[in-house]
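Everything on this sheet refers to the single structure shown next.
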Amino acid sequence: MGSPCFAMLLLLKLIALVLSLSSTTDSVSSLASCDFPAIFNFGDSNSDTGGLSAAFGQAGPPHGMTYFHHPAGRYCNGRLKIDFIAESFGLPFLNAFLDAVGSNFTHGANFATAGSTIRLQNTTLQQSGFSPISLNVQFYQYSGFHSRSQTVRSQGGVFEQLLPNEEAFSRALYTFDIGQNDLTSGYFLDMSTDQVKAYIPDVLSQFTTIVKDIYDQGGRYFWIHNTGPVGCLPYVLDRLLITAAQIDRYGCATPFNDVAQYFNSKLKESVVQLRKQLPLAAITYVDVYSVKYSLISHARKHGFKNPVRACCGHGGKYNFNRYRGCGSKITVNGTQIMIGKPCEDPTTVINWDGVHYTEAANKFVFDRIKDGSFSDPPLPLKMACHRLAH
Ligand SMILES: *[C@@H]1O[C@H](CO)[C@@H](O)[C@H](O)[C@H]1NC(C)=O
Ligand SMILES: *[C@@H]1O[C@H](CO)[C@@H](O)[C@H](O)[C@H]1NC(C)=O
Ligand SMILES: *[C@@H]1O[C@H](CO)[C@@H](O)[C@H](O)[C@H]1NC(C)=O
């Protein structure tokens, strides 16, 4: 007891423990924060910061009204989860890759467009509302951006201040929020739940292909949101045939939520496989579904009103009319009147326009996912560069 020899032994043991911790199964508290210089995002309207607007016409008012005070390319009254993610790293909001005017891509680019699916659809945007910029197209754009940005950046001058350096691509966080539209696209083509479930493996195989392709280009840190409770969204509740028995106590359609959860369980399995296949990647699976569903099912407790009714829309049980969406106008006696009007106070409402969440709901979700409590592995967002032993 108290001998210098014993103390020395203890110290050595301690050093060995610390070394083993940092080399294999890092304990969360010992991990350093990641210094992501850039974010590259892939997805649909849940994370579109201007892609569909740039390509197919700007989202109009009242989108953006609460935070930006004008339309800002988002299908929301304000910020999206991807905006809160960028803010949390001290990075500016991501410009849409397709936005040719005023964009600065030094800190990343956003390839998401509203209506995007993982699988290329066989319908046009006009026919079905699904974006032709499916995940594979987003990857083509990313890949072209990766190589061309380096060529152009080498010209120096202002290009160095608008484009990321090569290192940013390997140190960046790659974020994904896509899959919801792959599920609804089948239902909108009158497929049964079994038919939709049957194509999910194909959807996920195309998803994992893209993650591998990005890894092959040097991407290492992946942050993957699962898909939300689509059966709680007015555009699904309004459009698809649902019997009273299929509505749960919170007003959500159980069959569609079941499919979303089925998709998520398969997505999680795919992530487990990816970790084996991509030895240098740190891949975080984030259970956004649970956060959104708990927000909807305990809306009042969290300060929100009727969770399945849209803030901005035109009439009906859900204040949603697919022919008279948020911001739509009619002309009466030569004067334009907005009939897809926003509610008084979007900060107390979960659903914005029948399809998308309000900024307040997005903030709620972000605040709960950022500390890792809904992540696998359970690492906070700011530590998403660490690969834990599984
Ligand atoms: C589009 O059509 C092709 C050829 O028939 C088919 O293989 C593919 O699965 C279809 N895609 C979707 C999303 O339905
Ligand atoms: C682009 O943004 C970066 C910060 O991410 C900044 O350092 C740079 O000056 C900006 N470029 C221009 C031309 O403003
Ligand atoms: C439009 O004009 C007609 C004729 O002046 C009038 O009767 C009608 O009330 C007006 N409609 C609205 C909605 O103002």
Side-chain angles (χ1 to χ4, degrees), residues 34-41 44 49-50 82-83 85-97 99-110 113 115-139 145 149-150 152-169 171-173 178-207 209-210 227 259 263 266 314-315 324 328-339 341:
C34 311
D35 184 18
F36 298 116
I39 299 171
F40 294 104
N41 181 66
D44 55 27
T49 56
I82 189 67
D83 294 316
I85 290 175
E87 272 182 1
S88 77
F89 291 118
L91 299 174
F93 295 144
L94 296 186
N95 284 123
F97 165 74
D99 205 343
V101 181
S103 290
N104 182 342
F105 298 114
T106 316
H107 44 269
N110 191 352
T113 70
S116 286
T117 46
I118 293 171
R119 292 202 305 175
L120 187 66
Q121 299 298 300
N122 293 321
T123 52
T124 67
L125 180 69
Q126 284 69 26
Q127 287 166 337
S128 62
F130 293 111
S131 165
I133 302 162
S134 46
L135 186 59
N136 61 325
V137 179
Q138 294 181 25
F139 174 75
F145 176 72
S149 62
Q150 298 315 293
V152 174
R153 196 173 188 278
S154 67
Q155 296 171 27
V158 71
F159 298 116
E160 277 186 354
Q161 290 170 41
L162 291 173
L163 296 167
N165 58 22
E166 179 58 43
E167 198 196 349
F169 287 88
R171 288 179 51 212
L173 183 65
I178 193 162
Q180 176 180 320
N181 293 322
D182 288 273
L183 303 182
T184 56
S185 70
Y187 284 111
F188 291 164
L189 291 170
D190 290 329
M191 287 188 185
S192 67
T193 292
D194 284 344
Q195 286 172 312
V196 171
K197 278 185 170 174
Y199 69 64
I200 287 178
D202 184 38
V203 173
L204 288 169
S205 123
Q206 298 200 25
F207 177 79
T209 298
I210 299 302
T227 203
V259 165
F263 173 86
K266 296 289 169 196
H314 182 81
R324 297 189 160 179
S328 66
K329 295 178 190 127
I330 53 164
T331 304
V332 180
N333 288 349
T335 313
Q336 279 210 322
I337 317 175
M338 189 185 283
I339 55 163
K341 280 191 291 203

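In this chain, residues are counted from 1 in sequence order. Quick note: numbers below take in every heavy atom, side chains included, and nothing from hydrogens, waters or symmetry partners. When a ligand or atom number is given, it counts from 1 through the structure's own listing order.
- Those atoms of ligand 1 that come under 4.0 Å of a heavy atom in N122, given as number and element, are 1 (C), 2 (O), 3 (C), 8 (C), 10 (C), 11 (N), 12 (C), 14 (O).
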Practice task
Could you check I178 against Q138 for side chain to side chain contact (heavy atoms under 4.5 Å, CB included), going step by step and ending with a plain yes or no?
Solution key: CA-CA 11 Å; I178 193 162; Q138 294 181 25; 4.3 Å; yes
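- Judged purely by atom type and a 3.5 angstrom limit, N181 uses its side chain to pair as donor or acceptor with the backbone of S116.
- Residue contact annotation: L120 has a non-hydrogen atom under 4.0 Å from ligand 1.
- In this structure, the ring of F97 has its center no less than 6.0 angstrom from the ring center of F40.
- With values rounded to the nearest 0.5 angstrom, L135 atom CG is found 11.0 Å from L120 atom CG.
- The distance from atom CD1 of I85 to atom CG of L173, rounded to the nearest 0.5 Å, is 7.5 Å.
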List ligand 2's nitrogen or oxygen atoms that come under 3.5 Å of a protein nitrogen or oxygen, with the partner atom and distance.
| from | atom 1 | to | atom 2 | distance (Å) |
| --- | --- | --- | --- | --- |
| ligand 2 | 2 (O) | N104 | OD1 | 3.4 |
| ligand 2 | 2 (O) | N104 | ND2 | 2.3 |
| ligand 2 | 5 (O) | H107 | ND1 | 3.0 |
| ligand 2 | 11 (N) | N104 | ND2 | 2.9 |
| ligand 2 | 11 (N) | Q161 | O | 2.6 |

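- Within ligand 3, the atoms closer than 4.0 Å to a non-hydrogen atom of V332 are 12 (C), 13 (C), numbered from 1 in the order shown.
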Handout entry: Residue pair H107, L94: steps toward the side chain to side chain contact (heavy atoms under 4.5 Å, CB included) verdict
Key = CA-CA 7 Å; H107 44 269; L94 296 186; 4.3 Å; yes
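- The distance from atom CZ of R119 to atom CG of D182, rounded to the nearest 0.5 Å, is 7.0 Å.
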